[in-house]
Amino acid sequence: MTIAGSDSGGGAGIQADLKTFQELGVFGTSAITAITSQNTLGVQAVFPLPLDTIASQIDSVLSDIGADAVKTGMLFSADIIRLVADKLRLYGPQQVVVDPVMIAKGGAALLQNEAIEALRRELLPLAAVVTPNVPEASAILDGAVIRSVDDMIEAARSLHRLGPRYVFLKGGHLEGEEAVDVLFDGKEARLFRTPRIRTKHTHGTGCTTASAIAAGLAKGLPIDEAVALAKRFITAAIGSALEIGSGIGPTHHAALRLQQQSSS
Ligand SMILES: Nc1ncnc2c1ncn2[C@@H]1O[C@H](COP(=O)(O)OP(=O)(O)OP(=O)(O)O)[C@@H](O)[C@H]1O
Ligand SMILES: Cc1ncc(COP(=O)(O)O)c(N)n1
């Protein structure tokens, strides 16, 4: 299940999550928190949904269908975060992946500033995995400076103290020949490295990665295998990114499957 915002442009949000679930062989359900008018040029408008509309969707899905894993994305406000945390405590899904979405690539706010405290207190303790990018990790840690892989490991250690079982800190925003991510389990940090792909078309990489981790966990994979699968999935998707629209285009969610089909 994904609890997230709708991206009309189809590259991020609920749309990216459901495409990723389908590609990885799990059945996707959703609760939409906000509707965004969005394309490759940016976010033109954000319409958060009323709390009872969000609560009703979550109740419908979790009271009947259930979820082997729940992924949260754009939650927009402290009130929505508190509602989602209440529902997660009520239904108690075992695998909760929290993608702390804050700012879209073009700079639009997808989370209000005052909601960061609610994210820290209410949601992170419920997370099996939290998947911040570098700016998000820095914001959660009150402006911690993160410029290197060593800084990322230190930040992952601090984030782990806020309660999630694992921290997966993504390094897409750092410079360098490689895209390096850190998985921290409370004791050891494991690095996941791939060559950095030279492309501007990376809209939705964060949503897609978190959903791929959730899909792996839903299938019963241990965390390091779920993360390794997600890294393969997003690397293939960025490598075949779609040049649609005139701005930052989306990644290609079918890329890993198409590569595997052509090599078999
Ligand atoms: N140019 C790139 N080449 C290869 N891998 C990349 C590239 N950019 C990002 N990644 C990888 O994509 C995944 C998502 O990372 P990123 O840091 O971009 O997340 P994000 O900022 O949350 O995404 P978004 O900006 O969509 O919210 C990570 O595994 C990261 O290493
Ligand atoms: C509804 C929604 N959720 C998340 C993102 C983050 O994705 P990105 O940073 O790639 O724009 C987004 N743009 N829209």
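When a ligand or atom number is given, it counts from 1 through the structure's own listing order. Residue numbers count from 1 along this sequence.
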Where ligand 1 meets D181 - atom numbers and elements under 4.0 angstrom, heavy-atom basis: 28 (C), 29 (O), 30 (C), 31 (O)

G206 heavy atom under 4.0 Å from ligand 2: no

Element-labelled atoms of ligand 1 that are located less than 4.0 Å from some non-hydrogen atom of T209: 13 (C), 14 (C)

Taking atom 11 (O) of ligand 2 as the reference point, the nearest protein heavy atom with its distance: H203 ND1, 3.2 Å

Pair D68, Q95: side-chain N/O donor-acceptor within cut-off below 3.5 Å: no

Within-4.5 Å side-chain heavy-atom neighbours: L62 and M1: yes

N or O contact, S6 vs ligand 2, cut-off under 3.5 Å: no

Heavy-atom closest contact (G11 atom, D7 atom, distance): N-OD2, 3.2 Å

Residue part near ligand 2, for C207, under 4.0 Å between non-hydrogen atoms: side chain

Nearest non-hydrogen protein atom, atom 3 (N) of ligand 1: I197 N, 2.9 Å

Nitrogen or oxygen of D7 less than 3.5 angstrom from that of ligand 2: no

Pairwise side-chain contact, I80 with L51, heavy-atom cut-off 4.5 Å (strictly under): yes

For A226 against I213, the heavy-atom pair lying closest together: CB-O, 3.8 Å

Whether Q57 side chain and I32 backbone form a donor-acceptor pair below 3.5 Å: yes

Atoms of ligand 1 close to A179 [distance to a heavy atom under 4.0 angstrom, numbered from 1]: 4 (C), 5 (N), 6 (C), 31 (O)

Student check: side-chain heavy atoms of V98 and L126 closer than 4.5 Å: no

Heavy atom of the protein closest to atom 22 (O) of ligand 1 (residue, atom name, distance): K170 NZ, 2.7 Å

Any donor-acceptor N/O pair, R196 side chain to G172 backbone, under 3.5 Å: yes

Heavy-atom closest pair, residues K231 and T194: NZ-OG1, 3.5 Å

Protein residue, atom and distance nearest to atom 9 (O) of ligand 2, heavy-atom basis: K105 N, 3.5 Å

Proximity of I14 to ligand 2 by residue part, where a heavy atom lies under 4.0 Å: neither

Ligand 1-proximal atoms of K105, by part, heavy-atom distance under 4.0 Å: side chain

Nearest neighbour in protein (non-hydrogen) for atom 20 (P) of ligand 1: N133 ND2, 3.5 Å

Numbered atoms of ligand 2 (with element) below 4.0 Å of G5, judged on heavy atoms: 1 (C)

Proximal atoms of ligand 2 relative to V101 (non-hydrogen, under 4.0 Å): 4 (C)

Closest protein heavy atom to atom 18 (O) of ligand 1, given as residue, atom name and distance to 0.1 Å: T205 OG1, 3.1 Å

Within-shell test, T235 vs ligand 1, heavy atom, strictly < 4.0 Å: no

H160 side-chain N/O to R165 backbone N/O, donor-acceptor pair under 3.5 Å: yes

Residue pair K87 / I3, side-chain heavy-atom distance below 4.5 Å: no

Any donor-acceptor N/O pair, E136 side chain to N133 backbone, under 3.5 Å: yes

Proximal candidate to atom 16 (P) of ligand 1 [heavy atom criterion; set G172, G204, P195, A210]: G172

Heavy-atom nearest neighbour in the protein, as seen from atom 21 (O) of ligand 1, with distance rounded to 0.1 Å: H173 NE2, 2.5 Å

Polar side chain donor-acceptor pair, H203 to T40, under 3.5 angstrom: no

Parallel, tilted or perpendicular: rings of F192 and F168 (30°, 60°): perpendicular

Top protein contact for atom 10 (N) of ligand 1, by heavy-atom distance: I238 CD1, 3.6 Å

Ligand-residue contact atoms, ligand 1 with K231, heavy atoms, under 4.0 Å: 29 (O), 30 (C), 31 (O)

Within reach of ligand 1, part of I234 (heavy-atom separation under 4.0 Å): side chain

Subset of ligand 2 atoms that lie under 4.0 Å from at least one heavy atom of G204: 8 (P), 10 (O)

